[in-house]
Amino acid sequence: MNERNFLEELNSEQRAAVECTDGPVMIIAGAGSGKTRVLTYRIAHLLNKGVDAFSILALTFTNKAAREMKERIAGLVGPEAGNLWMGTFHSTFARLLRKESYRIGFPPNFTIYDTEDSKSLLKNIVKEMNLNDNSYKPSPLLGRISSLKTMLVSAKDYANDAHYNSEDRAMHREHFGQIYETYTKRLFKSGAMDFDDLLYFTNILLRDHPDILLKYQDMFRYILVDEYQDTNFSQFMILRQLAARHQNICVVGDDAQSIYAFRGANIQNMLNFQKQYADTTVFKLEQNYRSTQTIVNAANQVIAKNRDQLAKKVWTANEQGEKIPVLRAFTDSEEGRTIAQNIHDLRIKAGSAYREFAILYRTNAQSRPLEEALRKIGIPYRIYGGISFYQRKEIKDILAYFRLALNPHDEEALRRVINYPKREIGDSTVDKMTVAAYDNDISLWTVMENIPDFDLGLQNRTRDKISEFVNLIKSFSAIVPTHNAFQAGDFIASGSGIIKELFTDRTPEGVNRMENVQELLNGLRDFSLRAEPDAPQPTLGLFMEDIALLTGEDQNKEDEHNLDKVLLMTIHSAKGLEFNYVFVSGLEENLFPSQMSVMDREDLEEERRLFYVALTRARKKATLTYSMSRYRYGSSVSCEPSRFLEEIPADFLYTVPSSYEPRQPREINRIPRPASPGYSNGSPPVMRSPLTNKKLVSINKTQAGAAPLNNEHLGALAAGMIVEHERFGRGEVLKTEGKYPDSKAVVMFENGEKKQLLLRFARLKVVENP
DNA sequence: GCTTCTACCGTTTTT
DNA sequence: CGGTAGAAGC
């Protein structure tokens, strides 16, 4: 396709934004206004003007967005698109750091720690410092460290900052600074970077090494950034340094869709762009090509009152469309059934495919009742961006061996597999070696490598086991450089003993784990074969680099994507996608808006923007649903409709009454949970133990003999009942006590043994209920 | 050092 | 309801 053709496909707003190629440009793009199209055409236009693909840096928010954009550009200009620097901030700068990291003391094969690794390291540090780990929990610690790194505050800066110090004293975590410092040191010693380090150290590298800065400033003459509203300070500073020389920076974003503040995203980056670059040209894309008028107007209402925004008026020439149905359900599972039923009916009525439907929710936990309902009436579905394949335990175990082969100083990988499979190197040995490493300021691996030089009071046998392990890892390391990824991976997987370990596990889960490992090895084989002839040898190192920054969605197979299935996902991961029919579920106070944001932010602006994103995913019809009660940790909690429902003018909505009655008791006659405030079906009958006369709240009643021998349908036990236990045989219940789920029963068995059983784990069958 | 049992705890969103 | 950390017991 030649240039004239593709520019003519754009409207005048879009075309102007594409053709203004030089100098700082900000494109404010409303939802559904063809933002991606403008970005791709702009890049294609640059290439057609003769700009070298190697000198264009395009940063997107997800790997998927980068891939898609690359494909679309390739469709416009051909294979030259392959030479673009295009990817997420993290993957692009990880790539840059691999080349330059030696300048800041990191090896080129540095490991990238994921969140799990980081938390586990923090946990170890807290333990070693003998701090009460109730106030030093890994997740909050990592959260704080992460936001500090995002603000480019080093451990040293932190220690010297009076404000931070007094804040810590007030929060009773005066050792935080020390933890931060130790964490940083340990990462360095392990030759590892966490997620935020990839951006942090890119900043440091560019800041402290003018020659490198100049090199990349000249390399990236044109910089384009997608989803600019979601960039954080660290990313902003990288861009600022790189663009300083040529000033050809084009950012595209929608302040109304800024939903990542929790991760440090700073909407001010967008609001202040014009201040940063005085001669910025601003373009606005205000026509929405995606949704009906009803949806566009209702969505506009949602964010109308937000204070932080750039003036724009999103409008559409599309048809008016249906009103937005609001469905009320009594329980979360009924909400699921209603949605499932609606999808079923709509699909038949409108002749639509399953893939035209999406169900969005605020939290991942909400997917379960939805899945159950869909499964029950046979609607195929897929969870978009769920847990990543590479996060599974068995896969992470194997990857830990791979990581060790590439970088044996990687402490988290080492700890993970040092005794898996069991090789008699237990916790106390690891603790002793950790102390030695700390005392000598060396890595754990170095201690193990030189174990005879240390007097740790270990048994000879243990020392031999350690040497054996060291030699094993060294043999893995030796394989890597001379073999391709598959050969090395296969050798390591079987040499580590993991394959054997998994093979002996014949439980269904075990078989599944084994299949996953096979899947990983197949992936390695593909990776090794797929390599282009003149590309570098597809080593294990390259493979690990490829997968380190993948998210759940990135690794699904092509055919997975094309299957005709309803998609389920969080609103966050729905950004950038669109569907004909969208269900936004769980519109309840304290869920959406979330409890956290209701408690510590009075404005709820970000939650509203999130709702805006949810609504504007829909092309033809958006449906809102909520439930009056929801299960949480096994008990039902009553809910109120979300305030957001009231913020949409009533003439955009119509309320559909619940078509279901509250659920009838099934054959298992459930006694309602403890009288939680607002239990909507009247207060539950109270059962009392005949012996103690204590209330037997919250234990389910079962018909005698109906409960299977597992803990899924525990019956309410009362004194006098005759029960049968899997191992101990028959017995009589003497008394029951405690509150579910930790309720206990004392049972006298026929063999004369008196046992106290924790009901949640006891496998009991009621055989007689007098 | 390894296995089994029990008490406790969790509440966003993710590159 | 699940997951899991740590104690107790072997």
Side-chain angles (χ1 to χ4, degrees), chain A residues 59-66 87-94 112 114-115 123 127 133-134 137-139 142-143 146 150 194-199 227 230-232 234-235 258-265 360-366 368-369 385-388 391 393 419-430 459 461-462 465 548-554 569-575 586 590-601 606-607 609-610 613-614 630-637 673 698 711-712 714 738 740-742 744 755-762:
Chain A
L59 297 166
T60 58
F61 199 66
T62 59
N63 290 305
K64 181 165 175 275
T88 61
F89 274 88
H90 293 270
S91 64
T92 305
F93 295 117
I112 298 173
D114 66 13
T115 318
K123 214 167 121 189
K127 202 163 130 195
D133 38 340
N134 253 343
K137 287 178 186 161
S139 297
L142 184 61
S146 166
T150 296
D194 69 14
F195 252 146
D196 303 295
D197 282 337
L198 296 173
L199 304 177
E227 309 279 14
D230 286 325
T231 51
N232 60 34
S234 182
Q235 293 164 326
S258 167
I259 54 174
Y260 282 102
F262 71 92
R263 196 171 84 180
L360 309 184
Y361 36 77
R362 180 68 235 269
T363 65
N364 283 307
Q366 286 165 255
R368 205 182 294 202
I387 333 152
S388 146
Q391 307 273 66
K393 253 194 214 96
N419 202 25
Y420 178 77
K422 298 260 139 61
R423 44 174 74 88
E424 296 176 34
I425 308 175
D427 289 345
S428 64
T429 307
V430 174
Q459 309 248 341
R461 182 186 164 83
T462 310
K465 295 283 179 191
L549 294 166
L550 289 185
T551 60
E553 199 39 40
D554 295 326
M569 69 189 90
T570 62
I571 300 167
H572 281 89
S573 43
K575 200 170 64 157
N590 298 327
L591 182 62
F592 191 17
S594 86
Q595 192 173 13
M596 294 261 198
S597 56
V598 172
M599 282 191 310
D600 48 52
R601 291 190 56 86
E606 181 153 315
E607 294 285 315
R609 290 195 290 265
L610 202 50
V613 170
R630 194 167 284 281
Y631 269 88
R632 229 188 219 177
Y633 304 136
S635 55
S636 170
V637 173
R673 305 280 162 166
S698 72
N711 51 21
E712 276 176 29
L714 270 182
Y740 189 87
D742 296 316
K744 293 166 191 160
K755 294 249 175 205
Q756 191 187 61
L757 302 168
L758 191 61
L759 290 187
R760 229 171 103 210
F761 297 102

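Computed over heavy atoms, backbone and side chain alike; hydrogens, waters and symmetry mates excluded. Just so it is clear: chains get the letters A, B, ... in the order the sequence lines come, proteins before strands, and each one is counted from 1.
Residue Gln595(A) is classed as a base contact, given a heavy-atom separation below 4.0 Å to a base. Counting any heavy atom pair closer than 4.0 Å across all strands shown, Lys575(A) reaches no nucleic acid atom. When heavy atoms are screened at a 4.0 angstrom cut-off, Ser91(A) is found touching no nucleic acid atom at all. Across all strands, Phe61(A) comes closer than 4.0 Å only to sugar-phosphate atoms, never to a base (heavy-atom distances). Within 4.0 Å of Thr115(A), counting heavy atoms only, lies no atom of the nucleic acid at all. Using a 4.0 Å heavy-atom distance criterion, Asn419(A) is classed as a sugar-phosphate-only contact. Residue contacts shown for Phe89(A) are absent, as no nucleic acid heavy atom lies under 4.0 Å away. Within the nucleic acid shown, Asn590(A) has no heavy atom closer than 4.0 Å to any nucleic acid atom. Lys465(A) comes within contact range of no nucleotide atom at all, as no heavy-atom separation falls under 4.0 Å.
Atoms CD (Gln391(A)) and C1' (dT14(B)) sit 11 Å apart, rounded to a whole Å. Rounding to whole angstrom units, CG of residue Asp427(A) and P of dT3(B) are separated by 13 Å. Following rounding to the nearest Å, Leu142(A) (CG) and dT14(B) (C1') show an atom-to-atom distance of 12 Å. Across the protein-nucleic acid pair, Leu59(A) atom CG and dT15(B) atom C1' stand 12 Å apart, rounded to whole Å. The nearest whole Å value for the distance from the NE2 atom in His572(A) to the C1' atom in dT15(B) is 12 Å. Residue Glu424(A) contributes atom CD, which lies 10 Å from atom C1' of dC2(B) at whole-angstrom precision. Between the C1' atom of dT15(B) and the OH atom of Tyr260(A) lies a distance of 8 Å, rounded to the nearest Å. Residue Arg630(A) contributes atom CZ, which lies 21 Å from atom P of dG10(B) at whole-angstrom precision.
Taking the nucleotide of DNA chain B with the nearest heavy atom to each of Arg423(A) and Leu610(A), the more 5' of the two is matched to Arg423(A). Across the interface with DNA chain B, nearest-nucleotide mapping of Thr462(A) and Phe195(A) shows Thr462(A) to be the residue nearer the 5′ end.
OP1 or OP2 of dT14(B) sits under 4.0 Å from a side-chain N or O of Thr570(A). Between Ser594(A) and the phosphate of dT13(B), there is no side-chain N or O to OP1/OP2 separation shorter than 4.0 Å. Contact annotation: Lys137(A) side-chain N/O to dC9(B) OP1/OP2 distance is not under 4.0 Å. Within the 4.0 Å cut-off from OP1 or OP2 of dT14(B), at least one side-chain nitrogen or oxygen of Asn364(A) is found.
Listed for the Asn590(A) side chain is no donor-acceptor partner under 3.5 Å among the backbone atoms of Ser594(A). With Asp230(A) contributing its side chain and Ala265(A) its backbone, the two residues share no donor-acceptor pair below 3.5 Å. The backbone N or O of Asp114(A) sits nowhere less than 3.5 Å from a side-chain atom of Asp194(A) that would complete a donor-acceptor pair.
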**Prompt:** Could you go step by step and tell me if Val613(A) and His572(A) meet the side-chain contact (heavy atoms from CB on, under 4.5 Å) rule?
**Reply:** CA-CA 8 Å; Val613(A) 170; His572(A) 281 89; over 6 Å; no
**Request:** Would you please test Arg263(A) and Asn232(A) for side-chain contact (heavy atoms from CB on, under 4.5 Å) and show each step?
**Result:** CA-CA 8 Å; Arg263(A) 196 171 84 180; Asn232(A) 60 34; 5.9 Å; no
**Request:** Show your reasoning for whether side-chain contact (heavy atoms from CB on, under 4.5 Å) applies to Asp196(A) and Ser234(A).
**Result:** CA-CA 9 Å; Asp196(A) 303 295; Ser234(A) 182; over 6 Å; no
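Taking the six-membered ring where tryptophan is involved, the planes of His90(A) and Phe195(A) are perpendicular, since the angle between them exceeds 60° and thus also 30°.
With dA5(C), dT4(C), dT14(B) as the candidates, the nucleotide lying closest to the side chain of Lys393(A) is dT4(C). Candidate nucleotides dG2(C), dA5(C), dT15(B) were compared by shortest atom distance to the side chain of Thr62(A), and dT15(B) ranks first. Across dT13(B), dG10(B), dG1(B), the shortest atom-to-atom separation from the side chain of Thr363(A) is found for dT13(B). Which of dT13(B), dT4(C), dT3(B) sits closest to the side chain of Lys422(A) comes down to dT3(B).
dT13(B) has its base stacked against the ring of Phe262(A), the centroids being under 5.5 angstrom apart at an interplanar angle below 30°.
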